[in-house]
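Taking it in order: structure first as structure tokens, then the write-up.
One-based numbering along the sequence shown.
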Amino acid sequence: MSLNPQQIEAVEHQTGPLLILAGAGTGKTRVLTHRIAHLVEKCDVAPGRVLAVTFTNKAAGEMKKRLEQLIGPRARELWVGTFHSVCVKMLRRHALEAGIAPSFNIYDAADQTSVVKQVVKELNLDDKKFPPSAVVGRISSLKDELKNPDDLESDAGNPYIKRIIDIYRGYQKILNDNNALDFGDLIFRTVGLLQNQPSILKGYQQMWRQILVDEYQDTNHAQYVLVSLLAQGHKNLCVVGDPDQSIYRWRGADLNNILNFEKDYPEAKVVKLEQNYRSVQNVLKAAAKVIANNELRKEKGLWSANEAGPAITVASLNSEKEEAAYIVDQLRQWHVQEKISYGDMAIFYRTNAQSRPLEEVLRMAGIPYIIYGGMRFYERAEVKDALAYLRVLSQPQDFVALKRIVNVPTRGIGKTTIDKVEALSESLNLSFLDAAKQTDHPKLREFLKWLEGMQKMAGEGSLNLVGTLQKVLEESGLIRSLTLQTSSEAQDRLENLNELVASVADFEKSFPQANLQSYLDQVALISDLDQNAEGGILPLMTLHLAKGLEFSVVGIVGMEEGLLPHARSQDEAAELEEERRLFYVGMTRAKKKLFLGHAWRRFYNGQEQYGLPSRFLEEMPQELLERLDKGRSRKEERHDDEDFDFDQREYGERKTETRKYGEQRTENGKQNYRIGSKVKHPDFGVGTIAASEKTTLGEKVTIRFANGSLKKLIAEYARLEKL
């Protein structure tokens, strides 16, 4: 694909501020990378003088890969990374000037929560009034606003705010004592460094002569200030973004950063990328009509040279169960008839709770799926345990990591002992480690002696990173304790630890000179947005996680008032506009076909609720829609919990009768699949029935397929073909 005139204009702009308004699917990454290549090859800008910042490691990795293809090995000299990874490098380089030790650790969300729990306990506060996770969120928001506890003193007359200030101070003291920074600190402390050290600021301004920021609409106040400081002198700042795709207000993103760019830089050049290369025209036209209802935006005229495409299907169903069955069946038909991989389709929803009925239908249908953004690899307990050992080797005073591993696996060091160490630490003003060394508990002393030996070995560098991790896993007892367990869960955990060893090996292969601290930095900077659904597996995800992705076929469920737009947004115009942007983002992920589902009746938040269709459905051009109403309105609803009335013949090629909820889906209550008979599954191929039983959901069959795999499926959902 060659560059269009607007893309060329953005690429060839040389000096001064540049705002690239990049609509959905308009090739912004291509423009960014070609612009960087143009600066290096045509404008004689040294690669080391270019800084390109984005939000996820995945996006940064993609950018680096494309740049290597464009300019070759010189791409390695470019500064390309996330805000946090760039700030980590700056703080490591200027740690003393920033008032921290170069070997600082990075605390993740779990570590932060652990620290807040301790502070709340020390202050004798009720953790129900001050939930640690909520307090962590509050502290993170304050750091994103560049506010420390002293900045809140003017509001200290409010008893609640006064307590938040106390917790914030205690929290920060523990981080300082343990030589640790959280994610908010990485940018907060970097901004402070540049503001307080003019010579360092000037050095970076002179080094980075060209600065490019991706997804500028998602920047918060701290990121905005950081970028403004770095671009203050030369003003060679290129920002790329789309106000219509700003969906992270809840985590501090400030839409005004991009809306006011021309006020901040009156001399700025503005280039609009308006040709969409992703979606068919029907999807694009409908999305454009919806987002035009927002006031806080910059006008763009998105258009596409693609085909018109099929109509957008809007299906109203009687319940969330029927909604899930309908959407899943439609995706299955596209998979079977159009040969589209499940990995190239997706189902989006507004809240995580909405995945339950979808998961039930997918399990019964035998369709492989993944909860995108579910529990990440590095959040699994056994992985965090292993990483905590490595953190203690890197930073012995890390009390959060030390507390986590001191009795994992169980070695006879109970809570009473740990509480005594904490009390001694507090009374003598010692670190947790130094207090532990003063105890006479034999098991604890034995553990600390082993730990000291491991730290010495790690410091000497006698083993590489893989060898260090393997030694930790073996000698700590983590491997042995899981091996002694015979459960499948224990086996899964062992496999996860093996995978961790593999990840360290890959890291060492990519960065031969790297040390333990750099590996821990890399792990700490991995975000949930960096996960990918595997090919052939249907991704399920919230609309917030859909941003930046694209799929041939997309289904969005829960198109109801109270869900999308969410109930919390309906009293504030800015919140409602963000909900509309969220829907717009979901719509524009679809390349070929878009399904929208609405349920008249939904079991949500523990109770059955009745929902009116979302206002967003009425904002789309009705001539582009294909409406399917298979549910009853609230007036017609009989409030009969036993009444399901779901005729699946209307949703596909299934041969099954209308039934009442709880009845069998078999003819005359008989089993339709005999043991030994042959069947064919659309995905798994030919198999033999090994067992069959009647259930309230239908006939559950166990099938042994030709590849040796054994699957248990609900026959009526699985679309089996008798041979």
Got a second to check how far Q172's CD is from L181's CG, nearest 0.5 Å? 8.5 Å
Let's go through D108 and Q112 carefully: what are the C-alpha distance in whole Å and the side-chain angles of both, what is the deciding distance for side-chain hydrogen bond (donor to acceptor under 3.5 Å, both in side chains) to 0.1 Å, and is it a yes or a no? CA-CA 6 Å; D108 63 13; Q112 291 176 264; over 6 Å; no
Quick one: does N257's side chain have a donor or acceptor within less than 3.5 Å of a partner on T219's backbone? yes
Does D440 offer a backbone N or O that forms a donor-acceptor pair with the side chain of R445 under 3.5 Å? no
May I ask you to decide if the ring planes of F432 and F399 are parallel, tilted or perpendicular, using 30° and 60° as cut-offs? tilted
Test: R189 cationic atom under 6.0 Å from F104 six-membered ring centre, within 45° of axis: no
Backbone of I247 reached by a side-chain donor or acceptor of H544 within 3.5 Å: yes
Would you check if there is a donor-acceptor pair between the side chains of R363 and Y369 at a distance under 3.5 Å? yes
I want to check something: taking the side chain as every heavy atom from C-beta on, are L545 and F348 in contact at a cut-off of under 4.5 Å? no
Which of these passes side-chain contact (heavy atoms from CB on, under 4.5 Å) with L212: V53, T54, V80, V50? V50
Is there a side-chain contact between D419 and E422 (heavy atoms, below 4.5 Å)? yes
Is a side-chain N or O of S140 found less than 3.5 angstrom from the main chain of V136, in a donor-acceptor match? yes
Mind checking whether L451 and L402 have side chains closer than 4.5 Å, heavy atoms only? yes
Closest contact, heavy atoms only, M457 versus L463: SD-CD1, 3.4 Å
Can you find a pair of side-chain heavy atoms, one from D182 and one from K143, that are under 4.5 Å apart? yes
Would you say the side-chain atoms of R49 pair up with the backbone N or O of Q206, donor to acceptor, closer than 3.5 Å? yes
Side chains of D185 and Y107: any donor to acceptor distance under 3.5 Å? no
Just say parallel, tilted or perpendicular for the rings of H94 and Y204, cut-offs at 30° and 60°. perpendicular
Contact between M90 and L194 at the side-chain level, heavy atoms closer than 4.5 Å - yes or no? yes
Using a 4.5 Å cut-off on heavy atoms from C-beta on, say whether the side chain of E145 contacts that of D151. no
Between D398 and Q395 (side chain of the first, backbone of the second, donor and acceptor by atom type, cut-off under 3.5 Å), is there such a pair? no
Strictly by modelled atom types, are E122 and Q118 linked by a side-chain donor-acceptor pair under 3.5 Å? yes
Pair L125-K129, side chain to side chain contact (heavy atoms under 4.5 Å, CB included): steps then yes or no: CA-CA 8 Å; L125 298 175; K129 293 182 180 179; over 6 Å; no
Non-hydrogen side-chain atoms of Y248 and L582 separated by less than 4.5 Å: no
Under 3.5 Å, is there a donor-acceptor pair linking the side chains of Q438 and D434? no
Is it true that a side-chain atom of D127 and a backbone atom of F130 form a donor plus acceptor pair closer than 3.5 Å? no
Tell me whether K58 is salt-bridged to E62, with the criterion being a basic N under 4.0 Å from an acidic carboxylate O. no
Does the T417 side chain pair with the main chain of I413, one donor and one acceptor, at a distance under 3.5 Å? no
Distance-only, no hydrogens or angles: does the S427 side chain make a donor-acceptor pair with backbone N or O of A423 under 3.5 Å? yes
Exceeds 12 heavy-atom contacts within 6.0 angstrom, atom CG of D126: yes
List the steps and the verdict of salt bridge (Lys or Arg N to Asp or Glu O under 4.0 Å) for D254 and R249. CA-CA 6 Å; D254 189 347; R249 184 172 183 261; over 6 Å; no
Can you check whether A388's main-chain N or O pairs, donor with acceptor, with D385's side chain at less than 3.5 Å? no
Any chance you could lay out the side-chain hydrogen bond (donor to acceptor under 3.5 Å, both in side chains) test for Q354 and T351, step after step, and finish with the verdict? CA-CA 6 Å; Q354 292 171 255; T351 67; 3.2 Å; yes
Check against side-chain hydrogen bond (donor to acceptor under 3.5 Å, both in side chains), Q197 and K202: CA-CA 9 Å; Q197 301 286 339; K202 187 175 181 180; over 6 Å; no
So, do F55 and D214 sit near enough that their side-chain heavy atoms are less than 4.5 Å apart? no
Under the criterion side chain to side chain contact (heavy atoms under 4.5 Å, CB included), I'd like the reasoning laid out for V408 against S476: C-alpha separation, chi angles, the key distance, then a yes or no. CA-CA 8 Å; V408 175; S476 68; over 6 Å; no
One pair to check against salt bridge (Lys or Arg N to Asp or Glu O under 4.0 Å): R411 and E475. What are the steps and the verdict? CA-CA 12 Å; R411 52 175 62 91; E475 295 190 5; over 6 Å; no
What verdict does the side chain to side chain contact (heavy atoms under 4.5 Å, CB included) test give for V523 and F507, after you've listed the backbone C-alpha separation in whole Å, the side-chain angles of each residue and the deciding distance to 0.1 Å? CA-CA 10 Å; V523 169; F507 180 79; over 6 Å; no
Greater than 12 external heavy atoms within 6.0 Å of K147's NZ: no
For a side chain to side chain contact (heavy atoms under 4.5 Å, CB included) check, start with the C-alpha distance between L201 and Q205, then their side-chain angles and the critical distance, and finish with the verdict. CA-CA 6 Å; L201 172 60; Q205 289 173 340; 3.6 Å; yes
On a heavy-atom basis, which atom in T190 and which in C87 lie closest, and how many Å separate them? OG1-CB, 3.3 Å
Assess the residue pair E382 and R380 against the criterion (salt bridge (Lys or Arg N to Asp or Glu O under 4.0 Å)); give the C-alpha distance rounded to whole Å, side-chain angles, the decisive distance to 0.1 Å, and a yes or no. CA-CA 6 Å; E382 62 278 4; R380 293 167 185 168; 5.6 Å; no
Walk me through it: do D166 and R163 pass the test salt bridge (Lys or Arg N to Asp or Glu O under 4.0 Å)? CA-CA 5 Å; D166 293 339; R163 288 305 188 189; 3.5 Å; yes
